[in-house]
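By convention here, the first residue in the shown sequence is residue 1. Each ligand, and each atom within it, is numbered from 1 in the order the structure gives.
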Amino acid sequence: MEQRHSACPLDCPDLCGLTVSVENGRVVEVDGDTRGPLTAGFICGKVRKIADHLYGDDRVLAPLIRVGAKGAGQWRTASWDEALGVIVDRFAAIRAADGNEAILPYHYGGSNGWLTEGALATRFFRRLGASNLDRTFCAAATMAAVRGLYGVMPGVALEDYEHAKLIVLWGVNPSATSIHLVPVIERARAAGAKLVVVDPRRTPLARRADIHLPLRPGTDLPVALAVIHALFARGHADRPFLDAHATDVGELAIRAARWSITAAAAEAGIDARLLDKFIELYARKSPAVIRVGWGLERNRNGGSAAAAILALPAIAGKFGVRGGGYTMSNGDAKWTVGPDAAIDEPVPPTRSINMSELGRALAARTDPPIRGLFVYNCNPVATAPDQVAVIEQLSRDDLFVVVHEQVMTDTARLADVVLPATAFLEHRELRRGYGTMRMFDSPAVATPPGEARSNNELFGALLERFGLVRPGDAMTDEELVTRTFAASERGHELRTEISYRGVAFPPDGTRPLPFVEAFPGTSDGKIHLVPPALDAEAGGLYSYKGDPATTEYPLALISPALATQISSTFGQLRKAPAALELAPADATARGIKDGDRVRIWNAQGEVRCLVRISPDVRAGVCVLAKGLWRKHTENGLTANALIPQTFADLGGQAAYNDARVEVTKLE
Ligand SMILES: Nc1nc2c(c(=O)[nH]1)N[C@H]1C(S)=C(S)[C@@H](COP(=O)(O)OP(=O)(O)OC[C@H]3O[C@@H](n4cnc5c(=O)[nH]c(N)nc54)[C@H](O)[C@@H]3O)O[C@H]1N2
Ligand SMILES: Nc1nc2c(c(=O)[nH]1)N[C@H]1C(S)=C(S)[C@@H](COP(=O)(O)OP(=O)(O)OC[C@H]3O[C@@H](n4cnc5c(=O)[nH]c(N)nc54)[C@H](O)[C@@H]3O)O[C@H]1N2
Ligand code: SF4
Ligand SMILES: [Mo]
């Protein structure tokens, strides 16, 4: 047995370093290594058991071509040569009849690395002149907010939470989604730090928090504005800091003044005294850090809410000390290299399609209609809004669907051609963290099973078949990596560090300190508290849109992350049926008991599954996890069947937590 080093590129903030035991090219065991600052030798259960995913019954081992009706599950295996030939022929016919933009690439978070997420796929679709995809499943609203206010600036490093005296977890659940932050928080608490959690659910850390604000989904904006207003009104605003570092201070103060503590607490359905207590704690404690998550962005107010929360450390003057400020996504904050350098391909002026309205775009676009859909790194039947529309559209006979996948997902089942994909550990990947500030260049450590090919092998072959290769193109992973680093001044240094240590991260003590070593990347280096572009996009930044609940559909449905999956990834391994979590009061009012079968429904669809009555869910809210597969419910539909094709106020972000539903008991 051999021990190899790798890293986990899944869509998780932690970016763990891994030790992988390999025998005859097969992964036997995976564990955390101790090279990086945060992994500290342990990893999550899902990646420890990744051999079940790599070598399970659902793994796609050869190219498959549909022989029965769409979705009937009848396939014949084909050679790569034949499968690629089918794609060439069908795409040629589509381009001739409806033009290049009738082809839509569809991809998201399957593999978050630069080699499998961009690289040759990007080049292929750009040169083809295909429609462009607006990638809005996740972080579109929060990213718009943080870039608008701060430009590109690193937030507080996760390791530096240890120095904080107050930690605020706002719409984030690290116990499931960033497990390596939990021991850091515990160490800070042992040293006296206070913990505040803002979340409609009593998450594991909310249970242990000093203050838990269980607000109604979508009401973060009035709550954050009330905090801002109180900080100004009570003389807690740091005027010298704001004078030196911020613009639009007066304008934000005016917009926040609409929200008193009482009004915000009433709108959010929380105790006004608790909110007041939080404000006093936040004003007095330093260093104070806010970990802004992604739960709060997925509703009609999500972008403004994120902006208001991100403004808090500026108003209260929390920057400039280690462990003080905010953490949003640390993804692009630190590195001077980026994936586009490897491709160096101009973006063609083709139309953009917002991925979060896939069902509608497939049904309604006529300019031209979408005739060919190429899905990779993504499982939209399980993860896109309005699942019924997505299933209906993908089942259309006149839509040609290609899916490049590791396992037979709910999306792959509806394809015309399924191509077997390698998983990480089976291909090289270049990846930088969006939580941890480090980067890995991780080699392939295991042999791909069957005929699985990496994204770059697939799209490299397609570039050749379509005659789109040009002299001097970087084609291999090695060439792509070299180009990536060569384009940056720091590239050589970074690359040496990566190949020497398997990991690059700032040596201890040099983690960038906001407003000491790192400043806003805005045009004038200041914090823009009311950026005009965001103001225009949101139709009035910080203006609150009320709850969409109706008497018919009074309950807010949210779909947080599962500890056992990454979005829908690994869902094929889940045996347990789905269960809706319902608050005791809402269950009683409906005559529902724990373990009953229920119908969850709204005007858009319905889900039939079991129910679990949970004191951890606030009244008026119900919970059905993100990423479930169709097999996990009685009627083959998940939370996504109830989620509307509407957007947050910034970034075209999907509004996953904006569904309103009713629940009834099934006899
Ligand atoms: N109801 C609900 N739905 C949600 C959300 C929610 O809050 N509620 N949140 C959303 C969020 S945060 C996100 S990020 C999205 C994620 O949505 P998706 O991007 O669909 O992510 P996954 O479900 O992880 O599916 C990724 C797929 O890519 C495949 N894959 C992995 N690596 C590779 C590779 O190298 N090549 C190829 N070809 N395929 C690969 C995996 O096997 C997997 O099936 O889901 C969103 N969906
Ligand atoms: N194990 C695991 N880890 C993951 C993932 C996974 O699926 N599984 N997904 C990865 C991805 S793609 C992402 S984007 C991140 C997500 O990381 P998180 O943001 O931590 O994940 P979520 O569970 O989507 O949302 C966090 C919390 O927001 C709460 N919430 C819902 N609506 C609201 C609201 O309106 N306001 C507030 N304040 N809170 C609200 C939910 O109850 C939930 O506890 O995690 C990554 N890590
Ligand atoms: S999913 Fe997250 S916690 Fe698990 S191994 Fe990967 S980076 Fe680490
Ligand atoms: Mo995400």
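Counting heavy atoms from C-beta outward, Val146 and Tyr326 have side chains that approach closer than 4.5 Å.
Ion pairing between a basic and an acidic side chain is recognised when a charged N comes within 4.0 Å of a carboxylate O; Arg300 and Asp658 show such pairing. At a threshold of 4.0 Å, the pair Asp441-Arg428 counts as salt-bridged, since one of the basic side-chain nitrogens sits closer than that to a carboxylate oxygen. No salt bridge links Glu451 with Arg453; every basic N to acidic carboxylate O contact stays at or beyond 4.0 Å. Ion pairing between a basic and an acidic side chain is recognised when a charged N comes within 4.0 Å of a carboxylate O; Arg66 and Asp416 show such pairing.
Around ligand 1 you find Asp11, Tyr108, Gly109, Gly110, Ser111, Thr116, Phe137, Cys138, Arg298, Tyr376, Asn377, Cys378, Asn379, Thr383, His404, Glu405, Gln406, Thr409, Ala421, Thr422, His427, Asn455, Ser559, Ile566, Ser567, Ser568, Thr569, Lys626, Asn640, Ile643, Tyr656, each with a heavy-atom distance below 4.0 Å.
A side chain to side chain donor-acceptor pair (under 3.5 Å) with Gln406 is found for exactly one of His53, Arg59, Gln572, namely His53.
Here 1 is the count of protein N, O or S atoms positioned under 2.8 Å from atom 2 (Fe) of ligand 3, waters not counted.
Taking the six-membered ring for Trp and thresholds of 30 and 60 degrees, Phe459 and Phe374 have ring planes inclined between 30 and 60 degrees apart.
Remark: His5 engages no residue in a ring pair (Phe, Tyr, Trp, His ring centres under 6.0 Å) (not counting sequence neighbours). With sequence neighbours left out, Trp294 forms a ring pair (Phe, Tyr, Trp, His ring centres under 6.0 Å) with Tyr434.
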